[in-house]
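To start, the structure itself, in structure tokens.
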2 protein chains.
Amino acid sequence: MRRTGQPTINDVARVAAVSKKTVSRVINRSPLLGDDTRARVQAVIDELGYIPNPQARALALRRNFLIGLVHDNPNAQTVMNVQQGMLEALHDTEFEMVVRPVDRGSATMLADLRHFLERQRPYGVLLMPPISENDLVAHACREIGCRYVRMGSAMLDEAEHMVASNDREAVRGAVDHLIAQGHRRIGLICGPHGFRSARERRSGFEDALAGAGITLPRSFIADGNYTFESGLTAAERLLDLMPRPTAIFSSNDEMAAGVVHAARMRGLDVPRDLSIVGFDDTPIAAHVWPPLTTVRWPIASMARSATLKLIADSHPEVEEPSLFLSTLIRRASVMAPHG
Amino acid sequence: MRRTGQPTINDVARVAAVSKKTVSRVINRSPLLGDDTRARVQAVIDELGYIPNPQARALALRRNFLIGLVHDNPNAQTVMNVQQGMLEALHDTEFEMVVRPVDRGSATMLADLRHFLERQRPYGVLLMPPISENDLVAHACREIGCRYVRMGSAMLDEAEHMVASNDREAVRGAVDHLIAQGHRRIGLICGPHGFRSARERRSGFEDALAGAGITLPRSFIADGNYTFESGLTAAERLLDLMPRPTAIFSSNDEMAAGVVHAARMRGLDVPRDLSIVGFDDTPIAAHVWPPLTTVRWPIASMARSATLKLIADSHPEVEEPSLFLSTLIRRASVMAPHG
DNA sequence: TTGTAGGCGTTATCAC
DNA sequence: GTGATAACGCCTACAA
């Protein structure tokens, strides 16, 4: 029957002179199986180079061996980091990663996602921020009966379904650092409305100011949307202030790079005239001049853990953590204010 | 039988009072089918919300509906652009994209890839550079009987298996532009050894110099590896030359950003003291100050076409092109040399 | 134009 | 412990 050149379970069974089911038991490491039988079958498997057909397994088990990455994240580096973390977790397993971008703004987003889940029936899906913050999406997964784990900046779901970073506290620490250097007029560039991470980071910023008894006018807070351009624009608004801030916390590195750009355009030296702190620790943070002090966001580790949670019952592992701590990376974009 | 909640082909057949095969014909748009029957069955399909099970189809057809992206590219933006192009092509088809990074340096790379292809039996794979330049990989695909399309900087394979850009000519055009501005001492920063794109771009550079009758010492050519840091290092070596180059062509934008950085560190103004041209037109090219003149590399379009080639026989389309032209994007990093 | 029988490669059930 | 037998959901032959 080896028409495709690929040996099947039948070939193995025939050569080993056992039943298909026995071969199946060997493949699936069934405990109730004689050691000699197992060894004999395994030998035939190796000899024939037999590889179980995932499609047939999927059909029989009524479940696929695909792990979906559902995302609507505009940042390439972030998505790649998540993919890398997932693939680390999936390495040497029978699972494959399928990528599913969605359009947060689209009216049919939820329907599209449902269709994907119902058609493909992935073993599980990893929800990346910001789409992971949408409870309707998580609810759809539940309804359809698809495992899911959400990544986010706060615990939005039960530990089993969640991998979170402590953005609020991390930002508080970063801004505390600025304050400890002597800064009092500190600007904030927010992330996009509707991003939970943007809210958390803003809260951390406000926590730090409140903790130090600093009150600033509303104008020290500028809107951004995590892009370089928005950081540039926001910085221009902030630097127009009189007196202007001596430091700016940017809710991500990309915008922080825009701040550097804006400062340079008006002849300000970073960090002498303006200290800057970013968030993420993406490559751009180290590439920009001066290298940015930033908060390292352990996104790849989070993705790896999230993926391990997803496949936990098929590959029993140690319990995966749900909370990941971000840490401050001190580089050259911060110094004490002068004058 | 609707145990999973999902209606099957049997449910549709029963409700529509036809045979499974007739339903199958509707799904597969078989031409030999009465219009009234088709309409009736389609109505039941819609009513029941029936979705064909891809796993069952895969098993029966002995082929998967997965398109693999095989890559070992270190640049996040490039990989994301390719993924985006692929997903555009796959949108509204039954195919899914699975991502398969490989380690070019690993001794087991080829064996790992074979294992992936033999196990998963993807419908086809897209080979991204630089792994696409490895003939052994293409050969493995052929042997295993897996469709493949290679992306590259030159036609490395038959049109059916290839989507290429004209890097050599594009670079020649870019360097011609520099020469037309009056530059004569032009430095080159190469891509990594073993990357075909690096060779093609270097050839284009040499073509332009030769065409203008310019001869430069070997020291005007510096090695890089497509990273920011390598661009920085290479630029430092180039800028140490006496007399130093008035312009530098960098084989990609990432390294060009490093050149900008290096120039700034030694107080050189770009473009007044140094003109810079990059390659790729990734976001960093527009973000850096000044915005980089660069060569736009239509990587997403290439990936889309490559993917359409892959699924061509299942979704007959117009013939996809195999050669894509890169174009020069003029921004602010180039001007005539002074003094 | 439509239907029937059988198979794709695996797992689950339930005997032995 | 091990093995028939029947799913799983769809498709290809071939028949009607």
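Convention: sequence-line order gives letters A, B, ...; per-chain numbering from 1.
- Here the C1' atom of nucleotide C:dG9 and the CZ atom of B:R63 are 17 Å apart, to the nearest Å.
- Across all strands shown, B:V23 has no heavy atoms under 4.0 Å from either base or sugar-phosphate atoms.
- Closest contact between the side chain of A:K20 and the listed nucleotides D:dG9, D:dT2, C:dT10 involves C:dT10.
- For the pair B:H71/B:V102, no side-chain contact is recorded, criterion being any heavy-atom separation below 4.5 Å from C-beta on.
- Put simply, CG on B:N53 is 13 Å from C1' on C:dC8, counting in whole angstrom units.
- Within the structure, every pair that satisfies the ring-ring contact (aromatic ring centres under 6.0 Å, His included) test and touches residues 16-67 of chain B, not counting sequence neighbours, is listed here: B:F65-B:F95.
- We find the NZ-NE2 distance between A:K309 and A:H161 to be 10.0 Å, quoted to the nearest 0.5 Å.
- Seen from the ring of A:Y123, A:R147 counts as a face-on cation partner, given the 6.0 Å and 45° thresholds.
- Between the side chain of A:N28 and the backbone N or O of A:S30 there is no donor-acceptor pair closer than 3.5 Å.
- When the nucleotides C:dG9, D:dG3, D:dC10 are ranked by their closest atom to the side chain of A:T22, D:dG3 comes out on top.
- When the side-chain nitrogen and oxygen atoms of B:R57 are compared with OP1 and OP2 of D:dC11, one or more of them lie within a distance under 4.0 Å.
- When distances are taken from the side chain of A:L33 to each of D:dT2, C:dC8, D:dC10, the shortest belongs to D:dT2.
- Rounded to an integer number of Å, the gap from B:Q6 CD to D:dA7 P is 21 Å.
- The phosphate of D:dG9 has neither OP1 nor OP2 within less than 4.0 Å of any side-chain N or O from B:T8.
- The distance between atom CZ of B:R29 and atom P of D:dC10, rounded to the nearest whole Å, is 16 Å.
- Following rounding to the nearest Å, A:D35 (CG) and D:dT2 (C1') show an atom-to-atom distance of 15 Å.
- Atom-to-atom, CD1 of B:I27 to C1' of D:dC11 comes out at 10 Å; the value is rounded to the nearest Å.
- In summary, B:E47 and B:R40 do not engage in a salt bridge, as defined by a charged side-chain N under 4.0 Å from a carboxylate O.
- With rounding to whole Å, B:N64 atom CG is found 14 Å from C:dT10 atom P.
- Nearer the 5' end of DNA chain C, as judged by each residue's closest nucleotide, is the contact made by B:T37, out of A:N10 and B:T37.
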Which is it for A:R100 and B:E96 under the salt bridge (Lys or Arg N to Asp or Glu O under 4.0 Å) test, yes or no, and what are the steps along the way?
CA-CA 8 Å; A:R100 192 73 191 180; B:E96 296 292 330; 3.4 Å; yes
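- In this model, no donor atom of one side chain and acceptor atom of the other lie less than 3.5 Å apart for A:D103 and A:S106.
- Between A:L59 atom CG and C:dT11 atom P the separation is 11 Å, expressed in whole Å.
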Please assess B:E94 against B:R57 for the test salt bridge (Lys or Arg N to Asp or Glu O under 4.0 Å), listing each intermediate value before the final yes or no.
CA-CA 11 Å; B:E94 57 201 333; B:R57 278 167 65 78; 2.7 Å; yes
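- Between B:T307 and the choices B:V163, B:L126, B:L87, the side chain to side chain contact (heavy atoms under 4.5 Å, CB included) rule is met once, by B:L126.
- Fit an axis to the five pairs at each end of the helix from C:dT1-D:dA16 to C:dC16-D:dG1 and the two axes sit 30° apart, to the nearest 10 degrees.
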Can you name the atoms? Protein N/O to nucleotides 12-16 of chain C N/O, anything below 3.5 Å, with the distance.
{"unit_1": "C:dA12", "atom_1": "N7", "unit_2": "A:K21", "atom_2": "NZ", "d": "3.1"}

